[in-house]
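Only a predicted model underlies this, so the values are computations on that prediction, with no experimental measurement involved. Position 1 is the first residue of the sequence; numbering continues from there.
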Amino acid sequence: MRNLLWGLLIVGAVLGISSAIYTCDYHQEDPQYVLYDDVLTATTHSNATVHATDNGDEHVLQTHLKPGRLSVLFNDTNALQLQAAKANGIDPIIDIQSAFHLKRHIQQIHTCQEYYVDSMKYALPYLVPKAAALLHDIGKAFQDTIIARGGKGYRIRVNSALRTDYTVRKLRKRNRSATENSCHLYGTTFDVSWTKFDCLDESYKVSLESLKNILAEIIYDLREQQRCYAIYEKKQGCFHITVR
């Protein structure tokens with residue numbers, strides 16, 4: 001009971017230190033982002049194919065992902081991500097005092113057109129502004145690329161963001177493979193699912209494999225621009241992303 005109360009106090013402190021909410025505006029009819037590619041342009045609408053599934057017809061969209069296993073393409077070490085997290089993030093929240101005296105501003109992220117924020121049992125929906133901007137750009141680029149390739153509205157799902165010392169200890173009781181010195185402690189890191197996406201237009205469904213590969217393309221492109229580090233987590237079903 002004491003630990004639960006202490007944890008709730010820390011959560012309350014985090015919620016109280018920032019009223020800023022990261023909001024997004026999205027216009028489906030006006031795609032802006034397309035991967036730099038000699039084959040693809042923003043007006044390409046002829047690359048989709050259709051195959052039958054148990055749930056009806058799903059569309060397969062063209063992808064331009066670099067050949068190789070995702071676990072190899074996205075394998076930035078925890079040590080590398082931790083270095084970036086410490087450089088760009090807050091000090092870990094270990095008690096009430098540290099929650100009220102953050103060295104950097106954090107802002108709350110909410111479900112919007114670009115992404116859906118899942119309920120986070122072991123995390124809080126907060127990021128440093130630089131990470132929140134990266135998340136927005138991933139979501140916007142994902143949607144625009146799908147539309148440019150003949151699809152319709154989809155959005156990514158975020159299933160983890162800021163963690164505190166308290167939530168990390170709770171998570172480690174459930175998952176012993178979770179690292180104690182997590183990048184999530186610094187507000188620079190978030191997890192984006194590659195197993196679940198939100199379909200915003202039921203009239204045009206895209207295969208999960210296409211959605212996953214297009215998301216991977218977006219992350220890889222931003223990684224090449226040195227905006228982030230990323231790990232493909234197969235068991236957790238997500239991309240673990242840290243802003244640089």
* So which heavy atom on C183 is nearest to which on N78, and how close? -> SG-OD1, 3.7 Å
* Structure fact -> Residue pairs meeting salt bridge (Lys or Arg N to Asp or Glu O under 4.0 Å), one or both in residues 62-85, sequence neighbours left out, come to D76-R223
* For T111, side chain to side chain donor-acceptor pair (under 3.5 Å) partners two or more places apart -> none
* **Test salt bridge (charged side-chain N to carboxylate O under 4.0 Å, His left out) applied to K235 - qualifying residues, sequence neighbours left out** => none
* **Enclosure of Q83 CD (heavy-atom neighbours >12, cutoff 6.0 Å)** => no
* To do: Can you label the angle between the F74 ring and the Y220 ring as parallel, tilted or perpendicular, going by 30° and 60°?
  => perpendicular
* Should Y116 and L211 be counted in the same cluster of Ile, Leu, Val, Met, Phe, Trp and Tyr side chains packed under 4.5 Å apart? -> no
* **Residues forming a side-chain contact (heavy atoms from CB on, under 4.5 Å) with S98, sequence neighbours excluded** => I93, I94, D95
* Path from I138 to I231 over hydrophobic side-chain contacts below 4.5 Å -> no
* Report the C-alpha distance between Q108 and L124 in whole Å, list the side-chain angles of each, state the deciding distance to 0.1 Å, and finish with yes or no for side chain to side chain contact (heavy atoms under 4.5 Å, CB included). => CA-CA 9 Å; Q108 190 173 6; L124 300 170; over 6 Å; no
* To do: Could you give me the CA-CA distance, side-chain angles and deciding distance for E58 and S207, then say whether side-chain hydrogen bond (donor to acceptor under 3.5 Å, both in side chains) is met?
  => CA-CA 5 Å; E58 287 185 347; S207 71; 5.2 Å; no
* Considering residues at least two apart in sequence or located in another chain, which fulfil the salt bridge (charged side-chain N to carboxylate O under 4.0 Å, His left out) criterion with D198? -> R155, R157
* **Results of side chain to side chain donor-acceptor pair (under 3.5 Å) for N88 - residues two or more places apart only** => K130
* Asked: Taking only residues two or more places apart in sequence, or in another chain, which ones meet E202 in a side chain to side chain donor-acceptor pair (under 3.5 Å)?
  -> K205
* **CA sep, side-chain torsions, deciding dist, call: H64, R149, side chain to side chain contact (heavy atoms under 4.5 Å, CB included)** => CA-CA 11 Å; H64 303 286; R149 297 183 188 184; 3.4 Å; yes
* Who else is in L80's hydrophobic cluster (ILVMFWY, side-chain heavy atoms under 4.5 Å, direct or via others)? -> Y229
* Structure fact -> Residues at least two apart in sequence or cross-chain that pass salt bridge (charged side-chain N to carboxylate O under 4.0 Å, His left out) with K212, listed by chain then number, are E209
* **Residues in ring-ring contact (aromatic ring centres under 6.0 Å, His included) contact with Y232, at least two apart in sequence or another chain** => W194, F239
* Partners of T188 by side chain to side chain donor-acceptor pair (under 3.5 Å), sequence neighbours excluded? -> none
* To do: Answer yes if the side chains of Q225 and D221 hold a donor-acceptor pair under 3.5 Å, and no otherwise.
  => yes
* Asked: Which pairs pass salt bridge (Lys or Arg N to Asp or Glu O under 4.0 Å) with one or both residues in residues 96-110, sequence neighbours excluded?
  -> D91-K103
